[in-house]
2 protein chains.
Amino acid sequence: MAPKPAAPPDERTTRERILDIAIELFIEKGYDKTSLREIAERLGFTKAALYYHFPSKQDILLALHLRLHDIGNKVFAELSNIDGGSESLSTWTTLIDHFVDQVANNRKLFLLHERNQNALEQVGRSKQHQAEHEDLEEALRRFLKNPSVPVADRVRMAASFGAVIGTFLVAGDAFADVPASELTSLLRDAVRDILGTRKTATRPPTRRANGRR
Amino acid sequence: MAPKPAAPPDERTTRERILDIAIELFIEKGYDKTSLREIAERLGFTKAALYYHFPSKQDILLALHLRLHDIGNKVFAELSNIDGGSESLSTWTTLIDHFVDQVANNRKLFLLHERNQNALEQVGRSKQHQAEHEDLEEALRRFLKNPSVPVADRVRMAASFGAVIGTFLVAGDAFADVPASELTSLLRDAVRDILGTRKTATRPPTRRANGRR
DNA sequence: GTCTATATTTCGATAGAC
DNA sequence: GTCTATCGAAATATAGAC
């Protein structure tokens, strides 16, 4: 019905193609070391043409940042649907479960964020801080500071968050050949061991696969 | 005996003061967005004076990188003293234990690395790749790719590594008021729950501090 | 929408005085 | 060891033709 809802069937918009190349280069070389000339060359036209689609280089990064920002909102929305906002370890388990899904499905966006934290922070400052945008990571730190939660639990929260980052981002392509469903399942098990929120009372013996078998 | 072994008692050398300011700015604004003019201004002299102490901007970053590199070597050295190099989960626990100590004691250096991965990679390339320097993180990825280790275990390894990063680096100053010894102890407990290498057979009930007490 | 210029700025780096 | 002065390169951004 709608003429162009979201995805033109055959061909991506030029703006989207720019963003595709940009995220690739920003991850590989970093935002600062990536020149507009290089982005334009890969697309087959020149630097000046980019300025028809984006008013500045920062706006390219901003567009990518907004995608990540929407994901953050989605995680929080799903969380408040399930739990009233209590900050127990079981609530945190739910949060991390959603987070695992999002990182698995948007790996490049999170890689971009991991490798360009400084540049992204400056985007958040120099552009309008439009109605407290609350980044995912800022919210994390806010949780971790909550003095009414025992330190032992807060450490577990930080550790579980890092476990996701470590497995999906820092590990690089080490798990490239592992099916996504298996990887997320294994990671969820590990997260539950960190947070102590396994469903079964006794530890399943399956996961003690230690040596060569 | 030696006239000036390592630490002049009263006053740091200018070279060290430059590195102190540089690591601060590189963490805060990023390597690329930090100008030599800014470093010099904070030290009270001008940009050109820096070139007496360092031949280029990259060499400032290189000097900081070498400090981190030495730490990586130290971790590996201690590891091979204890274990012959077997890549079991218990060996990995020992590795992470050393890693926790190093991150706790050199937080700024690891923060620098976390926030300037791209710039540091280019240092490793453009400067001589002096006898396979083997970064800590490269070694990690090499371990994680080992096909003779079950995937479930490799995920646990990556998760435990990330847990350390998450607690010490991503968490920011959330644990600034927690004594270092307590923080590392809590983190080590969490790592053991990830890797399944607790010393006691039964899970100690102390760490199930869940609610409000 | 993309092009060819060109303007503007910033920065790393050098030369040479003190 | 630090200074002033300047060079040269590279990048963002703009102006205007097609």
Side-chain angles (χ1 to χ4, degrees), chain A residues 4 8 10-65 115-116 118-127, chain B residues 4 8 10-65 112 116 118-127:
Chain A
K4 38 184 170 115
D10 207 60
E11 186 184 310
R12 311 205 65 188
T13 204
T14 303
R15 184 189 162 92
E16 285 169 337
R17 287 173 56 226
I18 293 174
L19 291 177
D20 287 344
I21 301 291
I23 196 173
E24 220 73 45
L25 289 172
F26 289 170
I27 290 173
E28 184 186 323
K29 315 182 42 178
Y31 172 79
D32 298 283
K33 289 278 196 303
T34 301
S35 67
L36 295 179
R37 185 189 57 77
E38 198 171 359
I39 295 175
E41 254 174 18
R42 286 216 191 175
L43 287 162
F45 47 71
T46 69
K47 182 180 56 167
L50 289 176
Y51 282 90
Y52 177 82
H53 302 276
F54 292 94
S56 79
K57 186 187 180 185
Q58 270 215 1
D59 284 282
I60 299 179
L61 187 60
L62 178 60
L64 295 170
H65 165 72
R115 298 185 66 104
N116 292 279
N118 290 302
L120 280 165
E121 278 173 14
Q122 285 181 353
V123 163
R125 289 196 209 102
S126 68
K127 297 290 170 180
Chain B
K4 39 185 170 119
D10 207 59
E11 186 184 313
R12 309 206 68 188
T13 199
T14 302
R15 184 189 162 93
E16 285 169 336
R17 286 173 56 225
I18 292 174
L19 291 176
D20 286 345
I21 300 291
I23 196 172
E24 218 75 43
L25 288 172
F26 290 170
I27 290 173
E28 183 186 323
K29 313 183 43 175
Y31 173 79
D32 297 282
K33 289 279 196 300
T34 300
S35 66
L36 295 178
R37 183 190 58 79
E38 197 171 359
I39 296 176
E41 255 173 17
R42 286 218 191 175
L43 286 162
F45 48 72
T46 69
K47 183 179 58 168
L50 289 175
Y51 283 90
Y52 176 83
H53 301 276
F54 293 95
S56 78
K57 186 187 180 185
Q58 270 215 2
D59 284 283
I60 299 179
L61 187 59
L62 178 62
L64 294 170
H65 164 73
L112 173 77
N116 293 279
N118 289 302
L120 280 165
E121 279 173 12
Q122 286 181 352
V123 163
R125 290 196 207 99
S126 67
K127 297 290 170 178

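The chains referred to below are lettered A, B, ... by the order of the sequence lines, with proteins before strands, and numbering in each begins at 1.
For the segment residues 40-59 of chain B, residues with any heavy atom less than 4.0 angstrom from an atom of DNA chain C are, sorted by number, B:K47, B:A48, B:Y51, B:S56, B:K57. Contact check of residues 21-32 of chain B against DNA chain C (heavy atom, cut-off under 4.0 Å) returns no residues at all.
Side chains of A:I23 and A:L19 form no contact here, defined as non-hydrogen atoms less than 4.5 Å apart.
Below 30°, between 30° and 60°, or above 60°: for A:F26 and A:Y31 the angle between ring planes is above 60°, a perpendicular geometry.
The closest donor-acceptor contact from the side chain of B:K57 to the backbone of B:T34 lies under 3.5 Å.
Rounding to the nearest 0.5 Å gives a distance of 7.5 Å between CG of A:L36 and NZ of A:K47. If you take CD1 on A:I18 and OG1 on A:T13, they are separated by 9.0 Å, rounding to the nearest 0.5 Å.
Across every non-hydrogen atom of B:E28 and B:R42, the tightest pair is OE1-NH2, 4.2 Å. Nearest heavy atoms, A:N116 versus B:N118: OD1-ND2, 4.3 Å. Considering every non-hydrogen atom in both B:K33 and A:Q122, the closest pair reads CE-OE1, 3.1 Å.
One can place NZ of A:K33 at 13 Å from P of C:dC11, the figure rounded to the nearest angstrom. One atom, CG of A:L36, and another, P of D:dT12, lie 4 Å apart when rounded to the nearest Å. At whole-Å resolution of the value, CD1 in B:I18 and P in D:dG1 are 10 Å apart. Between B:I39 atom CD1 and D:dT2 atom P the separation is 14 Å, expressed in whole Å. The nearest whole Å value for the distance from the CZ atom in B:R37 to the P atom in C:dT9 is 15 Å.
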